[in-house]
Protein chains: 2
Amino acid sequence: MATPLVTTRTSKGKQDPAPRGNSMNLVFHEIREMIVRGKLSPGTWIIEADLADRLGYSRTPVRGALHWLQREGYVMASGNGTKSRMTVAPLTKEDAQELYSIIGHIEGLGARLTAQLAPAKRNKLIRRLTELNEGLFDLAKARRRDPNRIFDLDMSFHSEIMEASAGPRLLELHKSTQPQAERYWRLYASAILDELGTSVEEHNEIIRAISNGEPDAAEKGIQLNWENGAERLSRVIDTIGERGSW
Amino acid sequence: MATPLVTTRTSKGKQDPAPRGNSMNLVFHEIREMIVRGKLSPGTWIIEADLADRLGYSRTPVRGALHWLQREGYVMASGNGTKSRMTVAPLTKEDAQELYSIIGHIEGLGARLTAQLAPAKRNKLIRRLTELNEGLFDLAKARRRDPNRIFDLDMSFHSEIMEASAGPRLLELHKSTQPQAERYWRLYASAILDELGTSVEEHNEIIRAISNGEPDAAEKGIQLNWENGAERLSRVIDTIGERGSW
DNA sequence: TCTCTTTTTATTGTATACAAACGTGAATCC
DNA sequence: GGATTCACGTTTGTATACAATAAAAAGAGA
């Protein structure tokens with residue numbers, strides 16, 4: 001009765017988190033992180049085998065993850081048909097504009113729904129949003145600003161609005177779209193931080209609209225926030241230049 | 001530009017144009033077609049091996065296609081983590097409502113952009129839209145109405161608006177979202193047809209708004225069209241009952 | 001007969017092997 | 001010397017084999 005006390009899960013590097021089950025998800029997140037943090041710069045040719053080696057998995061989950069990433073817009077299939085090669089999606093001003101516009105509309109729909117929630121739920125949300133926005137406000141005035149913290153707060157602000165009222169489909173859409181804005185964020189964070197105050201004010205207007213139960217205003221408010229975000233980003237890109245859009 | 005839409009491929013045989021290259025795409029379309037046409041009814045347990053056998057491919061492309069279909073909402077991964085089982089996504093009234101609302105907003109953004117196009121381009125589009133809508137009008141009055149034809153016309157109408165001005169991201173989003181409405185369409189087509197006239201009128205308003213270059217009105221118009229569509233659909237579901245949402 | 005344990009089975013996740021396709025470079029022929 | 005062809009290497013697409021696991025079935029003990 002040789003009960004294998006410890007199933008020695010050899011090699012594969014990652015012994016701690018959850019190698020059992022689906023490692024494709026892990027690979028997906030790892031690669032996405034690489035792309036978002038810029039370790040895989042835009043335009044890079046992706047070769048499955050290399051990535052697989054580097055991550056310590058086989059090609060199969062890497063391949064799956066890549067398809068996933070493609071569907072979410074992180075990588076592009078260049079050659080069509082027989083010999084499709086994948087590259088990391090480039091970051092361009094046009095793309096940023098379109099992306100932000102889309103997110104604005106998705107969240108706009110969420111904000112609209114949220115503004116129609118029952119007052120009780122709305123109040124609870126409002127408290128949370130105010131709290132988050134005050135955090136942003138404080139950071140905006142602070143001398144040493146931590147981009148990560150700011151990003152987290154801002155992202156939470158928007159996610160909170162969505163989670164309050166969006167259905168599964170809309171939520172899924174949002175969850176798959178928003179992280180892509182993170183790429184632009186990180187790349188140009190330093191320059192965007194200066195205009196944090198403006199964003200805080202826009203947030204206040206959103207809070208007001210939701211609080212008063214004005215769907216139209218809430219939708220418009222969030223759309224404006226993203227529109228202006230794109231605007232700010234565009235200015236920065238113009239001065240710094242597009243990075244890695246060769 | 002003709003929309004190929006349905007290429008009734010029943011035999012995966014040898015003589016078909018491109019078994020070479022990516023058969024995953026073929027499998028994807030085949031399975032999606034099965035789901036959309038109801039050959040795989042909602043709630044069905046999907047087993048990769050069976051599907052692979054039935055389609056004459058190996059599990060690998062089937063697996064890839066299934067992940068794709070999952071991302072697009074046709075199938076759901078039920079069991080989480082280790083043993084995720086896939087089922088055909090059910091059709092429910094709530095889902096329809098959410099889906100239609102999302103499409104309405106996506107297309108709303110497209111319509112807004114389209115309404116801001118240069119007059120020359122706009123006029124060309126307007127002619128095409130009018131033509132399509134007149135086709136619908138004729139069909140609405142006809143005695144024997146072909147659901148397929150109606151669906152194609154309606155879908156073309158909406159796609160045309162998007163393709164006129166949407167960027168790659170928005171277009172991709174639309175292309176992956178709209179087909180899901182087809183499931184509801186086909187399931188309840190017979191009952192929806194009666195209200196075709198109303199939809200034609202809504203289309204006319206959209207055309208008017210685009211023609212006059214009124215972004216707000218165009219966006220609202222399309223949103224209304226989808227909202228009312230969901231409304232009509234809901235009524236039908238209420239009387240016929242949800243099919244396969246067990 | 002009921003319940004607890006053990007074995008079997010069904011099905012997915014992962015790794016690997018193989019084949020096709022495209023690009024590249026060298027060698028040969030005119 | 002230039003062009004053409006052929007062979008090879010790199011990389012993806014596909015098939016299959018293997019491992020792991022959850023569910024089901026069978027069996028044993030009370």
Side-chain angles (χ1 to χ4, degrees), chain A residues 1-31 40 43-71 74-88, chain B residues 12-31 40 43-71 75-88:
Chain A
M1 62 184 69
T3 52
L5 231 61
V6 179
T7 56
T8 49
R9 167 173 300 287
T10 59
S11 63
K12 275 322 144 289
K14 306 259 163 285
Q15 79 284 25
D16 42 294
R20 68 137 168 292
N22 49 356
S23 68
M24 192 188 96
N25 258 318
L26 297 186
V27 174
F28 170 78
H29 284 290
E30 283 197 58
I31 301 181
L40 253 54
T44 312
W45 289 85
I46 293 181
I47 49 218
E48 297 177 356
D50 282 7
L51 257 180
D53 281 353
R54 187 134 147 241
L55 296 178
Y57 292 98
S58 100
R59 265 183 61 209
T60 313
V62 171
R63 188 177 178 70
L66 282 178
H67 278 140
W68 215 269
L69 289 163
Q70 183 189 350
R71 272 291 313 136
Y74 291 96
V75 307
M76 297 172 46
S78 223
N80 50 3
T82 55
K83 200 64 168 188
S84 89
R85 245 98 141 232
M86 284 195 175
T87 63
V88 178
Chain B
K12 68 270 162 212
K14 301 282 131 196
Q15 83 285 21
D16 270 336
R20 226 25 62 283
N22 49 356
S23 69
M24 192 187 98
N25 258 318
L26 297 185
V27 174
F28 170 78
H29 285 290
E30 284 198 54
I31 300 181
L40 252 55
T44 312
W45 289 88
I46 293 181
I47 50 221
E48 297 176 357
D50 282 9
L51 257 181
D53 281 353
R54 186 134 146 240
L55 297 178
Y57 291 99
S58 101
R59 263 183 60 210
T60 312
V62 171
R63 189 178 176 69
L66 282 177
H67 278 140
W68 213 274
L69 288 163
Q70 183 189 350
R71 266 292 310 137
V75 306
M76 297 171 47
S78 224
N80 49 2
T82 55
K83 201 64 167 190
S84 94
R85 242 98 145 234
M86 285 194 174
T87 63
V88 178

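Throughout, a chain's letter reflects where its sequence line sits, starting with A, and its residues are numbered from 1.
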Could you grab the distance from atom [atom1] of [X] to atom [atom2] of [Y], nearest 0.5 Å is fine?
{"X": "A:H67", "Y": "B:F28", "atom1": "NE2", "atom2": "CZ", "answer": "11.5 Å"}
{"X": "A:L55", "Y": "A:D50", "atom1": "CG", "atom2": "CG", "answer": "10.5 Å"}
{"X": "B:H29", "Y": "B:M24", "atom1": "NE2", "atom2": "CE", "answer": "9.5 Å"}
{"X": "B:L51", "Y": "B:I31", "atom1": "CG", "atom2": "CD1", "answer": "5.0 Å"}
{"X": "A:L40", "Y": "A:T87", "atom1": "CG", "atom2": "OG1", "answer": "10.5 Å"}
{"X": "A:W68", "Y": "B:Q70", "atom1": "CH2", "atom2": "CD", "answer": "4.0 Å"}

Round to the nearest Å and state the distance from [X] atom [atom1] to [N] atom [atom2].
{"X": "A:I47", "N": "D:dT12", "atom1": "CD1", "atom2": "C1'", "value": "12 Å"}
{"X": "A:N25", "N": "C:dT14", "atom1": "CG", "atom2": "C1'", "value": "14 Å"}
{"X": "B:L55", "N": "D:dT14", "atom1": "CG", "atom2": "C1'", "value": "15 Å"}
{"X": "A:M86", "N": "D:dT10", "atom1": "CE", "atom2": "P", "value": "22 Å"}
{"X": "A:F28", "N": "C:dG13", "atom1": "CZ", "atom2": "C1'", "value": "18 Å"}
{"X": "B:L26", "N": "D:dT14", "atom1": "CG", "atom2": "C1'", "value": "13 Å"}
{"X": "B:I46", "N": "C:dG13", "atom1": "CD1", "atom2": "P", "value": "12 Å"}
{"X": "B:D50", "N": "C:dA10", "atom1": "CG", "atom2": "C1'", "value": "10 Å"}

side-chain hydrogen bond (donor to acceptor under 3.5 Å, both in side chains) against A:E48, all qualifying residues, sequence neighbours excluded: A:R59, A:R63
With 3.5 Å as the limit, what N/O pairs link the protein to nucleotides 15-19 of chain D?
| residue | atom | partner | partner atom | Å |
| --- | --- | --- | --- | --- |
| D:dA15 | OP2 | B:S58 | N | 3.0 |
| D:dA15 | OP2 | B:S58 | OG | 3.0 |
| D:dA15 | N7 | B:T60 | OG1 | 2.6 |

Look at the side-chain N and O atoms of A:S84 and state whether any lies under 4.0 Å from the OP1 or OP2 oxygen of D:dG13. yes
Nearest to the side chain of A:M24, heavy atoms from C-beta on, is which of C:dT12, C:dT14, D:dG13? C:dT14
Please classify the nucleic acid contact of B:L66 as base, sugar-phosphate, or nothing, using heavy-atom distances under 4.0 Å. nothing
